[in-house]
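For reference, the structure is listed below as structure tokens.
In this text, all values refer to a predicted model and were calculated from it rather than measured experimentally. Lettering of chains follows the sequences in order, A, B, ..., and the numbering in each one begins at 1.
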Amino acid sequence: MPRLLTLRPRTSQRQPNLSSDTQIAQEALTFADLGLSPKVLSAVTDAGYTEPTPIQAGAIPHALLGKDILGIAQTGTGKTASFVLPMLTRLEKGRARARMPRTLILEPTRELAAQVEENFIRYGKNHKLNIALLIGGVSFDEQDKKLERGADVLIATPGRLLDHRERGKLLLNGVEILVIDEADRMLDMGFIPDIERICEMIPFTRQTLFFSATMPPEITKLTEKFLHAPVRVEVSKAASAATNIVQRLVKSGSKPWDKRETLRNLIKAEDAELKNAIIFCNRKVEVSELFRSLLKYDFDAGALHGDMDQRARMQMLANFRDGKLRYLVASDVAARGLDIPDVSHVFNYDVPIHAEDYVHRIGRTGRAGRSGKSFTIASKSDTKYIDAIERLIGTKIEWHDGDLSTVVASEGAEDEAPRRGRGAPRRAGRKDDDRKDRSERKPRERHARQSEDAAPDGAREEQPVAAETAVADIGERRARKEAIRSENTERQASPERKASPNRSDQRAPERGDTRPQRDRPARQRQEDNDATVGFGDDMPAFMRIVAKV
DNA sequence: AAAAAAT
């Protein structure tokens with residue numbers, strides 16, 4: 001409903017019904033025209049930007065005048081800089097007092113909060129500002145110190161912010177500028193009561209900058225309550241992802257191991273074009289399982305989801321951004337807002353249950369006008385979600401290599417299994433899998449395959465799937481085998497990652513690890529795979545104001 | 001059928 005609005009291509013602020021002359025004049029608009037201070041301007045120039053995006057052009061002048069802003073924009077539109085830059089300019093006057101931050105930015109996730117901090121550091125490099133990042137999952141000590149010192153900029157997730165306040169370490173009545181970012185997502189996450197509480201702690205004389213990608217009724221209500229005569233700036237991404245992102249559906253059997261195999265084959269087939277990829281799963285356990293499976297198969301993968309320890313989260317993300325990891329297996333924590341320039345591929349290991357998540361996920365590639373590719377692995381049970389996605393984006397997504405009817409034909413036995421077994425005991429499914437095995441394997445080896453394939457089902461009992469454990473596992477293993485990303489594990493420092501020769505891999509080992517290894521006992525296979533291959537990569541500088549809208 | 005966030 002109202003959420004769908006964003007997906008409809010909308011005329012941007014830059015090209016309204018103006019004469020062509022005016023349009024040219026508008027095209028030539030630069031950051032220097034917006035009224036930003038010289039310090040800010042020089043940092044922006046150093047970062048390599050001259051031309052503001054529509055949301056920046058629309059919001060910055062008003063924000064500088066102290067007006068409230070209602071910004072309706074998705075991430076990827078340059079939204080962050082549209083509040084960071086004017087805030088920096090306005091912060092040049094005045095000083096922070098202990099425990100009384102001058103500005104507050106609320107973000108729904110820790111990663112987004114950290115990302116905003118990066119922006120303040122980058123564009124505030126000519127300022128001497130104290131920036132405090134208050135997020136959960138890390139110790140209070142350092143955060144306390146920064147608050148005590150007096151923060152000019154406070155960036156927080158709601159829970160930790162309130163926690164600090166209850167501990168009496170934080171006074172919000174000195175806040176001059178309040179930013180509420182990704183408000184609709186805060187709504188989804190049930191943060192609205194917290195947001196209301198926080199808003200009520202801040203004097204109404206403040207300036208409020210409010211951003212949301214969509215405007216559901218609850219959000220509209222919130223803006224009516226907390227914004228004063230806001231200037232409304234509304235933009236959308238050009239053609240909402242469709243144009244520069246190649247989208248494909250990939251048929252697969254529905255079992256986890258089918259999907260994992262489909263994914264591996266797909267990754268290998270895309271290897272030449274694939275610079276790096278985010279692989280989305282619907283659930284955290286799937287992230288952990290797929291992550292470990294990919295490592296086992298020598299893929300240079302990291303994982304990211306909300307149950308992971310914060311250090312690991314940060315490290316994984318940083319490593320992925322820096323090109324030290326080629327693959328990032330992630331939950332939807334990474335679907336929205338994260339700005340990782342130059343992700344060449346997005347794989348949906350699961351079809352997202354909510355169609356709009358699809359748009360957010362594939363939007364992690366094809367950023368800043370680049371091209372990108374997205375593949376969505378689909379099995380038969382996914383058709384209704386695919387229908388919903390296609391309805392939402394208004395086009396049919398092409399099948400990569402034949403649609404699901406071909407799956408039935410070629411993998412019939414396997415796919416029949418769940419159906420026949422629906423009312424029947426679980427065993428039925430197993431049996432059918434075995435039957436398939438028989439046709440492919442020597443009997444002697446069958447039990448090995450079985451135990452391996454049973455692992456996903458039995459994983460909950462047999463293997464710890466808690467993310468922390470998984471990550472620790474990984475850490476352990478990597479350390480054991482002269483790991484690539486030493487800084488990634490707490491265990492021990494290991495040698496600097498070798499600049500990898502096998503980046504453009506026609507990797508022979510890869511071939512070896514699918515078929516032949518499959519025919520060996522699982523344990524042995526795992527050991528064989530215990531050498532992680534280092535991939536080199538080159539990744540352009542992190543963070544940019546995404547240019548084109 | 002999920003994920004996110006305070007401990």
Side-chain angles (χ1 to χ4, degrees), chain A residues 3 75 105-116 133-141 143-144 147 155-170 180-198 212-213 254-256 259 278-291 303-310 313-314 317 328-338 348-361 364 376-389 418 422 456 460 465-468:
Chain A
R3 343 200 82 211
T75 39
I105 298 128
L106 293 171
E107 294 289 336
T109 67
R110 298 169 186 174
E111 276 74 17
L112 284 178
Q115 188 169 288
V116 170
L133 179 64
L134 305 190
I135 58 174
V138 293
S139 90
F140 281 90
D141 290 358
Q143 297 179 357
D144 280 344
L147 287 176
I155 305 152
T157 46
R160 183 52 77 95
L161 182 91
L162 289 170
D163 205 347
H164 273 284
R165 212 195 99 94
E166 273 152 27
R167 291 156 30 115
K169 298 282 185 182
L170 177 61
I180 298 165
D181 198 13
E182 303 257 334
D184 52 349
R185 197 170 176 202
M186 302 248 204
L187 173 73
D188 289 346
M189 294 167 64
F191 281 169
I192 296 305
D194 287 349
I195 298 299
E196 289 185 314
R197 271 180 69 201
I198 293 165
S212 190
S254 53
K255 296 280 187 251
K259 293 173 75 170
I278 304 180
I279 303 161
F280 284 104
C281 301
N282 284 356
R283 286 176 299 201
K284 290 178 281 199
V285 282
E286 287 180 315
V287 171
S288 300
E289 284 169 7
L290 179 59
F291 168 50
L304 184 66
H305 67 69
D307 278 355
M308 283 166 51
D309 119 79
Q310 189 57 24
R313 278 170 73 164
M314 301 276 223
L317 189 57
L328 185 67
V329 187
S331 69
D332 279 318
V333 69
R336 304 194 200 191
L338 284 192
N348 288 315
Y349 176 79
D350 295 311
V351 179
I353 291 164
H354 295 294
E356 66 211 51
D357 287 335
Y358 174 83
V359 179
H360 289 294
R361 288 181 181 185
R364 294 312 100 202
T376 299
I377 295 175
S379 61
K380 281 203 287 182
S381 50
D382 295 320
T383 45
K384 69 174 173 180
Y385 300 112
I386 293 166
D387 290 346
I389 290 166
R422 190 182 290 160
R460 272 152 207 84
V465 288
E468 295 81 2

* Structure fact -> Intra- and inter-strand pairing of DNA chain B, written as dot-bracket with Watson-Crick and G-U pairs under 3.5 Å and | for the latter, reads .......

* To do: Report the residues that fulfil side chain to side chain donor-acceptor pair (under 3.5 Å) with R165(A), sequence neighbours left out, ordered by chain and then residue number.
  => none

* At under 4.0 Å between heavy atoms, what does D163(A) touch on the DNA or RNA strands: base, sugar-phosphate, or nothing? -> base

* When all nucleic acid strands are considered with a 4.0 Å heavy-atom cut-off, which category describes D350(A): base, sugar-phosphate, or nothing? -> nothing

* To do: Name all residues meeting the side chain to side chain contact (heavy atoms under 4.5 Å, CB included) criterion together with T376(A); count only those two or more places apart in sequence or in a different chain, and write none if there are none.
  => L249(A), N348(A), V351(A), Y358(A)

* Asked: Considering residues at least two apart in sequence or located in another chain, which fulfil the salt bridge (Lys or Arg N to Asp or Glu O under 4.0 Å) criterion with R361(A)?
  -> D332(A)

* To do: List in chain and number order the residues that pass salt bridge (Lys or Arg N to Asp or Glu O under 4.0 Å) with E182(A), two or more places apart in sequence or in another chain; answer none if no residue qualifies.
  => K79(A)

* To do: Would you classify Y385(A) as touching base, sugar-phosphate or nothing, given that sugar-phosphate means primed atoms plus P, OP1 and OP2, and contacts are heavy atoms under 4.0 Å?
  => base

* To do: Run the salt-bridge test on K259(A) and D350(A) with the 4.0 Å N-O cut-off and return the result as yes or no.
  => yes

* To do: Taking side chain to side chain donor-acceptor pair (under 3.5 Å) as the test, write out the residues that go with D163(A), two or more places apart.
  => none

* First-last contacting nucleotides on DNA chain B - partner chain A, under 4.0 angstrom, heavy atom -> dA1(B) to dT7(B)

* Asked: By side chain to side chain donor-acceptor pair (under 3.5 Å), which residues pair with E286(A), not counting sequence neighbours?
  -> none

* Q143(A): side chain to side chain donor-acceptor pair (under 3.5 Å) partners, not counting sequence neighbours -> R160(A), H164(A)

* To do: Remember a base hit wins even if backbone is also touched, and classify G190(A) as base, sugar-phosphate or nothing at under 4.0 Å, heavy atoms.
  => nothing

* NA contact type, R165(A), heavy-atom cut-off 4.0 Å: base, sugar-phosphate, or nothing? -> nothing

